[in-house]
Every structure is written in structure tokens, then in C-alpha cells.
Amino acid sequence: MRVKKAVIPAAGFGTRMLPITKAQPKEMVPVVHKPVIQYVVEEAYHSGIKDILIITGKGKRAIEDHFDRTDVNKHNKYLDELDRILNEVNIFFVRQREIRGLGNAVSYAESFVDDEPFALLLGDTITLPPCTKELIDVYNKYKTSVVAVEEVPREKVSLYGIVSCKEIENRIYIVDDLVEKPSVEETPSNLAILGRYILTPEIFDCIRETKPGKGDEVQLTDAMKILNTRERIHAYLFKGRRYDIGNKIDWLKANIELALEDDEVGKEVKEFIRGLEFD
Ligand code: G1P
């Protein structure tokens, strides 16, 4: 079976970005020309996916408005690019009724996904080049769930789901175990889940069996731990760039790096930064 559907959870509250996210979703925070969730939808589209479900929740209505057809009589290349994509994809929305964790949010995708493998892209994370495309290649080879990971400094493991695994070929691993936000002492490795996954539909039974874990929330990582006792899961070491826009430093870095690379504003931003004085 091919991966034809994508699920984008965008229901979590942007606590680390307050007060920017007091009255707007963290997924709508701008990075250079576009809100972050537009990058995520574009990643799904450029990975060959046409059916996209966005899981929203309280205070997230701006996300739905953003993906309406543009009704202003003004054009620019980013709006036109979005409209072109919107002509080709179907975007569906469902609301998580209460904040109960990523695992619970993903469970709302069950009837949309039905019995197919699907891509899961966290709505506050940008990957360049599109990580989902690379994960689909791994899925097509092994036909199992695949989770993208990257190496993080050991003192940061408690911010992530961590995977312990055995390398079977260059950058591809068989997962032994997964732990959500372990302490430095208990962590089995420094390979962190970065927010891009391919999951088989068996994940939904596993989520149903998952008890609330870290933060008293139903964690996707815990559901994947159950899945790993039933089916093989592969991990893929992503070598591109990842920005977690729920984190202020990553958000600032994304704006600087992507602005420097941008055709329209890059030159001026470069000159501006060159002219700054640092101590
Ligand atoms: C979530 C996941 C975690 C993953 C992280 C990536 O955590 O639960 O496993 O490593 O996203 O950003 P959150 O950042 O929502 O706390």
C-alpha cells in the first residue's frame, strides 16, 4: 500500500512561545513569508500526498481560515503557491475536544486514515528538505512504521521521545525501545524523535491501550512502544534541518536562516546582519 494520507496534529497549546501564542495558534506563527503550518502542508504535498487531516482544538480557528481559498484581489508568489496547492489537495479538519496529549490527538484521525499507512507531521515543526518524502522511501522498502530521529545533545533528551535502536543499513535502524522524555540518567540513547512519522493503522488500537504517561497525557511514544511489541518499527536518521517553532530559539534561527536564503529578502538581510556590531 502507498502512503496517500497525512495527519497534522495542531491542537497543542504553545506554552513555550507565550505571550506570542496567547491569542493565536503556535502553528500560525510566521517564519519569513508564511505561517509554520503552511510549510508543513507544503511538505505533505511535495511528498506526494493529496489528502490531509489537520487536528485542531480550542483557539485554533485561524488555521482553518488560512486554508480557505484567498478572497483578496492581491497576488504574491506565496499566496499563489498556496492557492495552487489548495487546488490539488483536500484538507479536512477535526477538533480535539480537550488537551489530552499527542497520542489522544492522533486517535481523532482513525476514521480518516481507515486501514492505510499514513504520514504524521507535527504542525509546529519545519524540516528541510522535506523529511516526509525520505520516510516514505523507507516505508516503501520495509513496509513498516518509520520514525524520523536526529542526534541531540544528551542534556536535551528530556525534551523529546527517545529511541534505542540497532543500525541495519546506512541511517536506517530497527527500533528496540522508545521512551517519552527520559532523564539524562535513564535515557537509552541520544536519538530523538523529531516530529515526522509513517505509521501503520495498528497504531489506533495501541493508542486505545495506552495509559496517560508523561504530563498525565496520552503519549504517542507510549503507544508506539506497544506497537513495537506487535510489529517491527524502523527509525530513520534525518540529516537535514529541523526547526521546532514551539521553541523561541529555533523559531528565531529559522527566521534568520530562511531569510538569508530567500530570493526576495536574502540580500538585504545579509547586508543588515553584516553591518551589526557584536562584542
Ligand atoms: C512531541 C513528542 C515527542 C517528540 C517531540 C518532537 O513532544 O511527544 O516524542 O520528540 O514532539 O518535537 P512535544 O514537543 O509536543 O512536547
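Indexing begins at 1, ligand by ligand and atom by atom, following the structure's order. What you are looking at is a predicted structure, and each value in this text was computed from that prediction instead of being measured.
Every atom of ligand 1 is numbered from 1 in the order shown, and the set under 4.0 Å from a heavy atom of G161 is 3 (C), 4 (C), 9 (O), 10 (O). Remark: ligand 1 atoms within the under-4.0 Å shell around heavy atoms of Y160 are 10 (O).
Looking at atom 9 (O) of ligand 1, its nearest protein heavy atom turns out to be E180 OE1, 2.7 Å. What sits closest to atom 11 (O) of ligand 1 on the protein, heavy atoms only, is L122 CD1, 3.3 Å. In terms of protein heavy atoms, atom 14 (O) of ligand 1 is closest to R16 NH2, 4.1 Å. Counting protein heavy atoms only, atom 12 (O) of ligand 1 is closest to R242 NH1, 4.0 Å. Protein heavy atom nearest atom 7 (O) of ligand 1, with residue, atom name and distance: K181 NZ, 3.3 Å.
Between F67 and F93, the angle of the ring planes lies from 30° to 60°, which puts this pair in the tilted group.
E186 contributes a side-chain N or O that, together with a main-chain N or O of S183, makes up a donor-acceptor pair within less than 3.5 Å. In this structure a side-chain-to-backbone donor-acceptor pair under 3.5 Å is missing from N140 to R2. The backbone N or O of V31 sits less than 3.5 Å from a side-chain atom of Y39, completing a donor-acceptor pair.
Geometrically, K253 does not engage Y243 in a cation-pi contact, judged by NZ or CZ lying under 6.0 Å from the ring centre and within 45° of the ring axis.
Which of I193, V147, T15, I162 comes nearest to atom 4 (C) of ligand 1 through a heavy atom is settled by distance: it is I193.
The shortest heavy-atom distance from K214 to ligand 1 is not under 4.0 Å.
Between R232 and Y142, the closest side-chain pair of non-hydrogen atoms is not below 4.5 Å.
At a heavy-atom distance under 4.0 Å, no atom of L220 approaches ligand 1.
Taking 4.0 Å as the cut-off between side-chain N and carboxylate O, E116 and K5 count as a salt-bridged pair. Salt bridge R84/E81: present, at least one basic N to carboxylate O contact under 4.0 Å.
Residue contacts with ligand 1: T221 is placed with a nitrogen or oxygen under 3.5 Å of a nitrogen or oxygen of the ligand (distance criterion only).
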